[in-house]
Amino acid sequence: MGVRKQNTAEARKEANKSRYFAVLRNCPTSPRKMRLVADLIRGKGVFDALNILKFNPKEASGRLEKLLASAIANFESKTGERPESSNLVVKEVFVDSAIQMKRLRTAPQGRANRIRKRSNHVTIVVDTKKVEAS
């Protein structure tokens, strides 16, 4: 590994020590369906977001609920604070496309249609909300 690459990797690791996040990789749900649920919780308080995800009927909400709980646990382990007393909010949620499994389905007259089974990567970043004293 080159010196410049090593320095940037060390800087990224140092920056991640003060970031509280969780990542879900290769989730077998299409990114479009996952983004619909991710948009519901972006910018909300973590306990409001957990309630939204718990009572949402979509399948993606169960996976995001588990991921959000993991991000909250990462916050607790890094800071040692309770999430109730620190005004945690969902700062960022982003859904990226992952690998596509390509399958064939038979079609009429000896043809075949391609089916793309999509998957995604989800990252949730939580942070404390700054309370302004007035």
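Count residues from 1 along the sequence.
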Fill in: Side-chain touch Lys91/Tyr20, heavy atoms, less than 4.5 angstrom
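Heavy-atom side-chain distance check fails, nothing below 4.5 Å.
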Item to complete: Please examine the side chains of Leu64 and Leu40, heavy atoms only from C-beta on, and report whether any two atoms are closer than 4.5 Å.
Response: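 In short, these two side chains do not touch, never coming nearer than 4.5 Å.
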Mind listing the closest non-hydrogen atom pair of [X] and [Y] along with its distance?
X      : Y      : result
Arg35  : Ser97  : NH2-N, 4.5 Å
Val93  : Val90  : CG2-CG1, 3.3 Å
Val125 : Phe21  : CG2-CB, 3.9 Å
Leu88  : Thr128 : CD2-N, 4.0 Å
Val37  : Ala60  : CG2-CB, 3.9 Å
Val46  : Leu68  : O-CD2, 3.9 Å

Item to complete: Run the salt-bridge test on Lys13 and Glu10 with the 4.0 Å N-O cut-off and return the result as yes or no.
Response: no
Please say yes or no: joined through hydrophobic side-chain contacts below 4.5 Å, possibly via intermediate residues, are [X] and [Y] part of one cluster?
X     : Y      : result
Leu36 : Leu67  : no
Ile41 : Val89  : no
Phe47 : Ile124 : yes

Practice prompt. Count the heavy atoms of every other residue, nucleotide or ligand shown that sit under 6.0 Å from NZ of Lys78, and state whether that count exceeds 12.
Written response: yes
Worksheet item: Could you go step by step and tell me if Glu76 and Arg82 meet the salt bridge (charged side-chain N to carboxylate O under 4.0 Å, His left out) rule?
Response: CA-CA 6 Å; Glu76 285 186 55; Arg82 301 289 302 158; 3.3 Å; yes
Item to complete: Have a look at His121 and tell me which of Leu24, Val95, Asn26 forms a side-chain contact (heavy atoms from CB on, under 4.5 Å) with it.
Response: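 The option that passes is Asn26.
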Worksheet item: Can you pull the side chain to side chain donor-acceptor pair (under 3.5 Å) pairs that have at least one residue in residues 50-62, sequence neighbours excluded?
Response: Glu59-Arg63
Practice prompt. To the nearest 0.5 angstrom, please state how far the NZ atom of Lys44 sits from the CG atom of Leu50.
Written response: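 Going from the NZ atom of Lys44 to the CG atom of Leu50 covers 13.0 Å.
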Item to complete: Working to the nearest 0.5 Å, report the span between CZ of Arg19 and CG of Asp127.
Response: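 Answer rounded to 0.5 Å: 9.5 Å.
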Practice prompt. Scan residues 94-121 for pairs that pass salt bridge (charged side-chain N to carboxylate O under 4.0 Å, His left out), counting only residues two or more places apart or in two chains.
Written response: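 Salt bridge (charged side-chain N to carboxylate O under 4.0 Å, His left out) check on residues 94-121 returns no pairs.
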